[in-house]
Amino acid sequence: DLSEGSLNALETAVSIAKKHGANLRSLYIEENNFHAMDDGNHSYLNNSINSVDVINALVGAIQHKHGIKPSVIMEEGNVADTVIKTSLLHPTDLIVMGAHGASGYRDSFIGSNTYNVIKHATCPVLSIPAKRKVNGLTKILFPIRPVTGALMPYEIVSRFTNPDTVMEVLGLTYRMIIETAGSVLDTIVGEIKDQLRKDKVTAKSLLIEGQSIADEIVRYANKTNPDLVVVTSALDVT
């Protein structure tokens with residue numbers, strides 16, 4: 001939507017596509033459909049012409065600087081629905097979008113469009129804060145509940161790692177099982193030890209207790225400042 005957050009996400013997506021030789025699709029959605037302005041003889045779509053010019057300029061700049069040319073898809077409709085529909089019509093490995101878009105930022109809230117895409121997309125979604133760019137990952141936070149198989153999504157995360165990346169596995173549990181959860185956490189990390197060795201990634205495990213999974217993750221992330229936080233559906237009991 002040409003907001004600061006979306007442009008930051010685009011820059012991040014370019015970096016990822018360049019690293020992996022991936023195809024990059026840039027999706028612009030005209031959410032409000034027709035906002036016509038009449039000069040007496042003609043009607044125009046509000047901002048649409050300017051948006052096309054800006055997007056074409058962005059694509060040209062990316063091609064000139066990075067040697068890759070994103071394809072551009074222009075759609076009208078509900079943002080979250082259109083993003084998800086497009087990702088299905090054009091099989092997609094990863095959706096990259098700003099945590100907040102043109103509707104702005106509210107403290108402690110992710111944008112509703114981004115939230116709905118994360119919730120309903122069939123592929124991983126990378127949400128980029130407005131003031132943060134992701135060019136390389138050296139510190140990853142992977143919070144899990146201590147259950148077998150919780151680190152299986154690491155197969156996706158490994159595509160973003162570099163040699164010498166450190167991944168902190170944050171086990172989240174309750175007081176009643178904290179005595180046994182430590183050994184379970186070591187077992188879970190051991191399930192992906194071969195892939196970690198191949199990627200030259202160091203895994204460090206830490207167990208904390210708390211009543212709110214989200215609060216504990218945010219509190220720990222604010223304290224340790226990782227490059228990436230991996231949140232999977234396995235964090236939710238339901």
Side-chain angles (χ1 to χ4, degrees), residues 3-20 94-101 104-115 117-119 121 124-146 150-174 178 181-182 185-186 188-189 192-193 195-197 199-236:
S3 64
E4 179 187 7
S6 69
L7 295 178
N8 200 359
L10 176 60
E11 188 172 336
T12 299
V14 168
S15 176
I16 294 170
K18 189 175 181 180
K19 178 179 179 181
H20 295 284
L94 178 71
I95 297 171
V96 184
M97 60 191 302
H100 301 88
Y105 174 83
R106 290 184 299 156
D107 190 34
S108 300
F109 287 90
I110 192 172
S112 59
N113 288 324
T114 305
Y115 172 81
V117 171
I118 291 172
K119 186 176 180 180
V125 180
L126 184 58
S127 168
I128 307 296
K131 302 298 182 182
R132 194 70 179 265
K133 299 175 183 178
V134 180
N135 294 314
L137 304 177
T138 59
K139 190 175 182 181
I140 297 173
L141 177 62
F142 200 137
I144 63 170
R145 289 189 300 114
L151 285 177
M152 289 301 102
Y154 172 76
E155 180 182 357
I156 296 169
V157 180
S158 68
R159 303 180 188 182
F160 300 95
T161 62
N162 299 307
D164 302 323
T165 293
V166 174
M167 183 173 76
E168 283 193 290
V169 179
L170 183 66
L172 299 149
T173 187
Y174 299 103
I178 199 142
L185 197 59
D186 292 337
I188 294 169
V189 174
I192 61 167
K193 63 180 181 181
Q195 186 66 46
L196 291 169
R197 189 182 302 112
D199 296 335
K200 299 180 180 178
V201 170
T202 301
K204 298 181 178 179
S205 57
L206 172 69
L207 194 66
I208 64 174
E209 57 180 280
Q211 296 300 315
S212 170
I213 287 176
D215 287 347
E216 294 302 328
I217 293 171
V218 171
R219 187 177 297 114
Y220 190 79
N222 286 340
K223 183 172 66 175
T224 59
N225 196 32
D227 299 314
L228 174 71
V229 180
V230 182
V231 178
T232 73
S233 58
L235 279 170
D236 288 315

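When each of Val229, Thr114, Val117, Val231 is checked for a side-chain contact (heavy atoms from CB on, under 4.5 Å) with Ser127, only Thr114 meets the rule. With Met167 as reference, Ile140 is the one residue of Val189, Leu228, Asp199, Ile140 to meet the side-chain contact (heavy atoms from CB on, under 4.5 Å) rule.
Distance alone, capped at 3.5 Å, places no donor-acceptor pair between the Ser15 side chain and the Glu11 backbone.
Listed by first and then second residue, the salt bridge (charged side-chain N to carboxylate O under 4.0 Å, His left out) pairs that reach into residues 156-170 come to none, sequence neighbours excluded.
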Without placing hydrogens or testing angles, list every side-chain donor-acceptor pair under 3.5 Å for residues 200-208, not counting sequence neighbours.
none

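When all heavy atoms of Thr224 and Lys139 are compared, the pair lying nearest together is O-NZ, 2.6 Å. Listed here is the closest heavy atom pair of Met152 and Ile192: CE-CG2, 3.7 Å. Between Ala150 and Arg145, the closest heavy-atom pair is CB-O, 3.6 Å. Contact between Leu235 and Ile213 at its shortest, heavy atoms only, is O-CD1, 3.3 Å. Ala9 approaches Gly98 most closely through the heavy-atom pair CB-N, 3.5 Å. Shortest non-hydrogen contact noted between Asn162 and Lys19 is OD1-NZ, 3.1 Å.
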Could you please spell out the steps behind the side chain to side chain contact (heavy atoms under 4.5 Å, CB included) verdict for Val230 and Phe160?
CA-CA 11 Å; Val230 182; Phe160 300 95; over 6 Å; no
Residues Val169, Leu185; criterion side chain to side chain contact (heavy atoms under 4.5 Å, CB included); working and verdict
CA-CA 8 Å; Val169 179; Leu185 197 59; 4.0 Å; yes
Derivation of the side chain to side chain contact (heavy atoms under 4.5 Å, CB included) call for Asp227 and Thr165
CA-CA 10 Å; Asp227 299 314; Thr165 293; over 6 Å; no
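The distance from the OG atom of Ser3 to the CE atom of Met97 is 9.5 Å, given to the nearest 0.5 Å. Rounded to the nearest 0.5 angstrom, Thr12 OG1 and Leu126 CG are separated by 7.0 Å.
Using a 4.5 Å heavy-atom cutoff, the side chains of Ile217 and Leu172 are in contact.
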